[in-house]
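Scroll down for the structure; my scribbles are underneath it.
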Amino acid sequence: ASADWSRLRFTMDEGSARAVRVAFKRLWDAGLVYRGEALVNWCPRCLTTISDLENVHRDEMGTLWTIRYHLERADGTPDPDAWISVATTRPETLLGDTAVAVHPDDERYRALVGRHAILPFLGRLLPIVGDDAVDRAFGTGAVKITPAHDPDDYELAKRHSLPAITVLDEAARINAEGGEFFGRDRYEAREAILDRLREMGDLEGEEPHPMVVGHCERCGTVVEPRLSVQWFIRVKPLAERALASVREGRTRILPAHFEKVYAHWMENIHDWAVGRQLWWGHRIPAWFCPDGHITVSDALEGPASCAECGRPANELRQETDIFDTWFSSGLWPISTLGWPDETPDFARFHPTTVMETAYDILFFWVARMMMLGLFCTGVEPFQTVYLSGMIRDPIGQKMSKTKGNVVDPLETLDEIGADALRFALVIGTSPGNDQRLTKAKLDGGRNFTNKLWNAARFVLGSRPEQLVASDGEPTLAERWIHSRLAEATERATRQLDDLELSAYAALVHEFAWTDYCDWYLEMAKVDLRRPGATDGERSRAWRAARDGLAAILQLLHPILPFVTEEIWARVVATDAGDAIRPQLLITAPWPTAGSRDPAAESEMAVVLEVIRGVRNLRTESGVPASARLPLTVVPADAAARDAIEHGLDYLGALARVAPVDLQTSGADGDRPELVASTAGAAAWLGGAPVESSDASSRQAANAAHLRRGIERLEALLATDFATRAPAPVVERERARLADLQAELRLLTGG
RNA sequence: GGGCGGCUAGCUCAGCUGGUUAGAGCACUUGCUUGACAUGCAAGAGGUCACUGGUUCGAGUCCAGUGUCGCCCACCA
């Protein structure tokens, strides 16, 4: 349950670099890599290709302009009185138009198919073609075709063997193909073109038009489709395997509904444009020879010669493009373990059991790890993908530097410590759901670490001067906390196994705070300070407290690694010959659950009920907290009597009553101060400043409440519930009814 | 245009394969110089589990639909 800091790795290390080269070479050899011309997403600011995933779409309000393209007359000149109108949101791209498309069945344009329109400014002849892809209802029903600058147009152009003319340079300025607009930025050019069309009377209309626009994930610049030669990975076959792994359960994704999201993406995946025109990253290990041959090599020093024509290495030139960073990241689960070598780490730790990350990089990272891991090793890189949600600010906004709503971990660490932060992040969450990180939550974590620290201070500080061999039987409190610990350990272990991290954290928090600190430690004070106790008995009592603390430290170590380790060291130092093991929690094995003690638990349940009842009575009756009042207790039966006897001192201390008189017989009917009643015992608080009438009405109210509960259960047990529901469920309700009836008898002195 | 998720106490959120009196933390009320801790202790108050219908002995939980907020995916000029 701890991080292994001996295995640090950076994706630019040689270990990763070699894995990248080898993986790419194998993909190349398998025919899954190709280099070809295609329309890719280009960021004109970053000056690089980006993948579909890095092209983030945003809804924006644009404009749809309608532009007239005059038709060609028989003599080749534009006809001033005949035109075809096209609709576009990007007028500047018209400089790259090579056709106009209409739907083949569109009556309006059928006669025009086969004729030509003339491109404004440049005078290029544009064939008018018919294509099913054109939506007759949109715009004018006629589309300008710009193959080099629009994905749809590019596909259409391929179908009709139309040329593609690039008119924007790498920074999205009009290039030399753009005639008079050469050198202008794309948006300047747009305005200039519109102005000129307006002058010419060929701008037929403009209207607001909602549209989705792709932006560079890194810098926000509007992405430009750009025709270029790029490296691609053919991902279909990889995706099919990765999809089957999840479908067939070899890898499961938590929460499970993300499996559908994953599947949808894998089913609709496009080839991965994996090259980047940046300088920081792993360079693609491909070499070109003057004859245009490509050699891919996984050797650190590159190939010795061209794989096809044998030209020597010094005549080859390495590709300058680098890999998309997610390519090396996708190899992470295997590259960190030494792949492609068959290292001991790889043999031992691959595949990984659980991969944890936030859902926002399911496609970027998890999907790539699955595809590349399966391709490289033949097995899934992990059995379970645990997707956490994202941390948001107190009002639910995504944290971002520009918004300034980021919680700086380092400042938080200085303020409340790493443990408190970690605890706050783990508690009260569920996989796949975002969480808001608030001051109150962080404070909660801090308070808990503080609580733990103070509990430890108390326990370690109350070690007897003379620590000797333990003597005497364990007290009820000792047996009880031991049993509760056994249960907590068992449940915490199960929850960790089930990856129910938040439930685990809440459980251990509850056990440590409520069971151990609030109840047990208060009782341990009684045992530790018991007058007349021998050194052996005191030593036994202290060891019980210390062992409970130690067990809690172990259970909490995964979520509070630092404070538990620190306290553990002090426990070890204070042990005085008890040889606490191990010396360090971080390398300690997870604790195994001890055995339960049902007798102690049921006895303590009676005692706790009486304490709660008396406390409640005191508060409601306005008894000063400092006042010690006499108490008379009447147990319901022999077992309850034993319980009260064993817990008599705890009762006195925690309920602040003295003396406590334990009686065998029931009430004598003349005890107006009666207050507390439970299924196990009734308790009379003596000398309370309570008016008799108040006490009587309280007693009457309590009795009425009990009768209502009894009636409700009796009614329930009279229905089909008693015959149709499973026996244990019915039995539980019967027991509940019996408890209420017993309590009513005690209360009314019956 | 598809798909997914949230809607539970004043706030932020848990609630696994349906089990009958729905939990936590914070906030709130009332007491506490209780020899570990006021970053604390004790006792409380607070919810028709968004809505409608259905299945069931039993529904926060399962099914159908509605509303609302949010997210993801998507090459319609």
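Letters A, B, ... are given to chains in the order of the sequence lines, protein chains preceding strands, and every chain is numbered from 1. Heavy atoms only: backbone and side chains are in, while hydrogens, waters and symmetry mates are out.
As rounded to whole Å, 11 Å separates atom P of G58(B) from atom CG of L716(A). Distance L737(A) CG to U21(B) P: 13 Å, rounded to the nearest Å. One can place CZ of R736(A) at 18 Å from P of G58(B), the figure rounded to the nearest angstrom. In this structure, the CG atom of N454(A) is 13 Å from the C1' atom of G35(B), given to the nearest Å. Following rounding to the nearest Å, Q495(A) (CD) and U17(B) (C1') show an atom-to-atom distance of 15 Å. With rounding to whole Å, D443(A) atom CG is found 20 Å from C37(B) atom P. In this structure, R446(A) places its CZ atom 16 Å from P of C37(B), rounding to the nearest Å. What separates CZ of F511(A) from P of A24(B) is a distance of 18 Å, to the nearest Å.
Sequence order on RNA chain B of the closest nucleotides to P431(A) and H257(A) puts H257(A) first from the 5' end. Toward the 5′ end of RNA chain B lies the nearest nucleotide of E500(A), the other residue of the pair E500(A) and H509(A) mapping further downstream.
Between the side chain of K260(A) and the base of C4(B) there is no donor-acceptor pair of N/O atoms closer than 3.5 Å. Evaluation of atom-type donor-acceptor distances gives no pair under 3.5 Å for the side chain of Q435(A) against the base of A14(B).
Comparing the P positions of C76(B) and G47(B) gives a spacing of 50 Å, expressed to the nearest Å. Of the C1' atoms belonging to C72(B) and U56(B), the separation is 36 Å, rounded to the nearest Å. A distance of about 36 Å separates the C1' atoms of G19(B) and C41(B), rounded to the whole Å. When the C1' atom is used for both G31(B) and G25(B), the distance is 22 Å, rounded to whole Å. Rounded to whole Å, the C1' atom of G18(B) lies 11 Å from the corresponding atom of U55(B). Spacing of C1' atoms, C69(B) relative to U29(B), comes out at 33 Å, to the nearest Å. The C1' atoms of C63(B) and A9(B) are separated by 28 Å, rounded to the nearest whole Å. Using atom C1' as the reference point in both A43(B) and U34(B), the two lie 15 Å apart (nearest Å).
Here R708(A) lies out of heavy-atom contact (under 4.0 Å) with every strand. At the heavy-atom level, K439(A) lies nowhere under 4.0 Å from the strands shown. Residue D360(A) is classed as having no contact, given no heavy-atom separation below 4.0 Å to the nucleic acid. No engagement by D498(A) is indicated, since no non-hydrogen atom pair under 4.0 Å with the nucleic acid exists.
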Report all interatomic pairs (protein N or O, nucleotide N or O of nucleotides 59-69 of chain B) with separations under 3.5 Å.
none

Identify the pairs formed between an N or O of the protein and an N or O of nucleotides 54-57 of chain B at a distance under 3.5 Å, and give each distance.
residue	atom	partner	partner atom	Å
C57(B)	OP1	R724(A)	NH1	2.7
C57(B)	OP1	R724(A)	NH2	2.2

Protein-nucleic acid N or O pairs under 3.5 Å, nucleotides 47-49 of chain B:
none

Sub-3.5 Å pairs of nitrogen or oxygen atoms, protein against nucleotides 26-33 of chain B:
none

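With sequence neighbours left out, the side chain to side chain donor-acceptor pair (under 3.5 Å) criterion links R724(A) to no other residue. Residues meeting the side chain to side chain donor-acceptor pair (under 3.5 Å) test with T357(A), sequence neighbours left out: none. Qualifying side chain to side chain donor-acceptor pair (under 3.5 Å) partners for E510(A), counting only residues two or more places apart in sequence or in other chains: none. Evaluation of the side chain to side chain donor-acceptor pair (under 3.5 Å) rule for Y359(A) yields D434(A) as partners, not counting sequence neighbours.
Nearest to the side chain of V729(A), among G15(B), G6(B), G19(B), sits G19(B).
Y69(A) has its ring centre no less than 6.0 Å from the ring centre of W83(A). In this structure, the ring of F138(A) has its center no less than 6.0 angstrom from the ring center of H103(A). Aromatic rings of Y262(A) and F258(A) (six-membered ring for Trp) have centroids beyond the 6.0 Å cut-off, not under it. H509(A) has its ring centre less than 6.0 Å from the ring centre of F423(A).
A salt bridge is defined here as a Lys NZ or Arg NE, NH1 or NH2 lying under 4.0 Å from an Asp or Glu carboxylate O, and E224(A) with R90(A) meets this definition. Under the 4.0 Å criterion applied to side-chain N and carboxylate O atoms, E522(A) and R529(A) are not assigned as salt-bridge partners. Look at R436(A) and D393(A) and you find no salt bridge, because none of the NZ, NE, NH1 or NH2 atoms lies under 4.0 Å from a carboxylate O. A salt bridge is absent between E259(A) and R252(A); no separation between the charged side-chain nitrogens and carboxylate oxygens falls under 4.0 Å.
For RNA chain B, runs of at least 3 consecutive pairs of the Watson-Crick or G-U wobble type, with both hydrogen-bonding distances under 3.5 angstrom, map to B:1-7 with B:67-73, B:10-13 with B:23-26, B:28-32 with B:40-44, B:50-54 with B:62-66.
Side-chain contact check for T146(A) and D97(A): at least one donor-acceptor pair (N or O, by modelled atom type) lies under 3.5 Å. With hydrogens and angles left out, the side-chain atoms of N447(A) and D443(A) include no donor and acceptor closer than 3.5 Å. Looking only at atom types and distance, the side chain of Q230(A) has a donor-acceptor partner in the side chain of T49(A) under 3.5 Å away. Side-chain atoms of T93(A) and K144(A) include a donor-acceptor pair closer than 3.5 Å.
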### Under 4.0 Å protein heavy-atom contacts per nucleotide of nucleotides 70-77 of chain B, with B for base, S for backbone only and - for none
---SBBBB
Using residues 730-737 of chain A as the side-chain source, report each donor-acceptor pair under 3.5 Å to any protein atom, sequence neighbours left out, with the distance given to one decimal.
none

Under 3.5 Å, which donor-acceptor pairs link side chains of residues 707-720 of chain A to any protein atom two or more places apart or in another chain?
residue	atom	partner	partner atom	Å
T719(A)	OG1	L716(A)	O	2.6
T719(A)	OG1	F721(A)	N	3.1

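Checking the phosphate oxygens (OP1, OP2) of G19(B), no side-chain nitrogen or oxygen of R732(A) falls inside 4.0 Å. Regarding contacts with the backbone of A43(B), every side-chain N or O of R618(A) stays at 4.0 angstrom or more from both OP1 and OP2. Using a 4.0 Å cut-off, some side-chain N or O of R436(A) falls inside it from OP1 or OP2 of U12(B).
When the options L425(A), V426(A), I427(A) are evaluated for a side-chain contact (heavy atoms from CB on, under 4.5 Å) with L501(A), the one that passes is V426(A). When each of N616(A), L608(A), V610(A) is tested with R612(A) by the rule side-chain contact (heavy atoms from CB on, under 4.5 Å), just one qualifies, namely L608(A).
Between P120(A) and R68(A), the shortest heavy-atom contact is CG-O, 4.3 Å.
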